[in-house]
Asker: 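What follows is a structure written as structure tokens; I'll ask about it next.
By convention here, the first residue in the shown sequence is residue 1. In listed order, ligands and their atoms are each counted from 1.
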Amino acid sequence: MPDLTELVVNLCKRRGFVFPSSEIYGGFRSTYDYGPLGVLLKRNVMDAWWRAMVQERDDIVGIDAAVLMHPRVWEASGHVETFTDPLVDCRNCKERWREDQIEGVCPKCGSSDFTPARAFNLMFKTNVGPVEHEGSIAYLRPETAQGIFVNFLNVVQASRKKPPFGIAQMGKSFRNEITPGNFIFRTREFEQMEMEYFVPPAESSKWFEYWCGERMRWYTDLGIPAGKLRLRDHDADELSHYSVGTADVEFEYPWGWGELEGIAQRTDYDLTRHAEFSGQKLEYFDQASGERYVPYVVEPAGGVGRSMMAFLLAAYDEDEVGGEKRVLLRLDHRLAPIKVAVLPLSKNERLSPTAREVLHVLQPHFMCEYDETQSIGRRYRRQDEAGTPWCVTVDFETLDDRAVTVRDRDTLAQDRVSIDKLVDHLRERLT
Ligand code: ATP
């Protein structure tokens with residue numbers, strides 16, 4: 001397909017998935033806003049993750065920690081010292097790059113004349129309180145994980161979980177990326193879905209393998225073709241400062257393989273460091289065996305924007321209906337922003353009340369959209385482009401037989417279903 005990225009980016013803008021942030025001011029440095037369809041898709045991705053990681057398990061609980069944390073957290077975690085990228089300046093065009101991303105050649109002007117690399121810390125600094133001074137510095141968190149580690153004891157005590165068990169969190173993180181780009185793939189403000197799984201040290205490798213499998217399955221279950229996914233082990237020189245082994249779940253984006261999610265063996269690094277810096281014992285005491293130990297951690301850490309982008313790219317399709325090109329998103333039903341569109345056959349005062357009645361029957365159960373302007377054919381196309389799995393059409397026969405036509409996005413099959421049975425009919429068909 002010719003430039004799939006461009007097709008998807010255009011569709012995102014046109015249909016209200018993603019807008020450039022502050023667009024009326026010319027946009028702002030690779031930041032994006034999610035529009036009416038995008039906010040629903042994003043929420044559905046996050047709900048699917050929460051469902052798989054928390055709701056359907058009895059060994060994982062959730063938290064929602066603050067973005068601003070005690071600055072010592074980031075000293076303990078190693079981020080103040082080592083969360084850096086190597087930054088170089090092109091001496092010819094003055095553009096700034098991440099040295100490890102450009103293979104010695106300036107992507108803008110082709111020059112190979114660079115300043116020596118210097119370490120650039122990716123954390124955003126801010127000040128807390130009305131007076132700016134050394135002691136008022138705080139950071140916007142660059143990962144959600146630390147909010148989990150510092151709450152380890154609170155959660156163990158409150159939830160009475162014992163290893164192996166996990167703590168999950170979704171939320172905003174911030175990194176002052178040197179070269180953001182590829183639409184919502186790399187931005188400076190983004191949302192993460194992270195889970196820290198605390199295990200007895202000897203079981204760390206076993207759980208690492210387990211989570212690699214589980215996380216791959218999550219993406220394929222939600223519709224990413226297995227052939228577009230791979231698991232890639234990090235080379236030793238790629239590993240983050242806290243990891244002894246990491247595998248990335250990668251997706252084949254149109255510009256090449258890129259990371260969707262990292263699964264890392266963080267060992268006891270974080271708990272041990274926080275114990276050192278805070279003076280608190282961060283251990284697990286097993287009452288049954290009388291054993292006291294610092295659990296090891298296996299962490300699947302994914303990004304919401306990156307997976308949204310992968311789901312959109314994998315779902316984009318074009319086919320032909322009645323001799324005309326049709327653009328559609330074959331999104332999994334669970335991810336589709338709108339599940340059901342209610343469409344009166346035409347804008348007609350006799351049809352509207354019944355169509356509205358159908359809408360009100362469906363709204364408590366499904367995210368719906370009501371649309372009565374333009375021809376029915378064009379309204380079907382709009383829903384196909386939004387990835388809506390079902391269109392329910394109210395026509396003049398409905399007024400007599402109390403039945404509607406249900407159209408399937410993928411097969412275009414049309415069923416006549418009575419309004420009384422509509423909720424059950426759709427519910428059976430949604431994944
Ligand atoms: P990369 O190598 O692409 O910079 P990373 O290895 O630094 O990513 P992690 O620290 O493992 O990323 O973060 C976990 C996940 O958070 C990533 O897999 C990705 O989905 C998401 N993520 C990280 N940085 C960004 C970003 N700048 N924009 C969007 N998502 C991000």
Asker: According to side-chain hydrogen bond (donor to acceptor under 3.5 Å, both in side chains), does anything in residues 191-202 pair up with another residue at least two apart or in another chain? List the pairs.
Answerer: Lys42-Glu191, Asp59-Tyr197, Thr144-Glu194, Ser173-Gln192
Asker: Would you call Arg409 and Asp317 a salt bridge, taking side-chain N to carboxylate O under 4.0 Å as the test?
Answerer: no
Asker: Hey, is Arg215 close enough to Glu261 for a salt bridge, meaning N to O under 4.0 Å?
Answerer: yes
Asker: Could you please provide the protein residues found below 4.0 Å of ligand 1 on a heavy-atom basis, arranged by chain and number?
Answerer: Arg175, Glu177, Phe185, Arg186, Thr187, Phe190, Gln192, Glu259, Leu260, Glu261, Gly262, Ala301, Gly302, Gly303, Arg306
Asker: ring-ring contact (aromatic ring centres under 6.0 Å, His included): which pairs involve residues 21-45, sequence neighbours left out?
Answerer: Tyr32-Phe183
Asker: Using a strict cut-off of less than 4.0 Å between a Lys/Arg side-chain nitrogen and an Asp/Glu carboxylate oxygen, indicate whether Asp319 and Arg330 qualify as a salt bridge.
Answerer: yes
Asker: Looking at residues at least two apart in the chain, or sitting in another chain, which of them share a salt bridge (Lys or Arg N to Asp or Glu O under 4.0 Å) with Asp221?
Answerer: Arg334
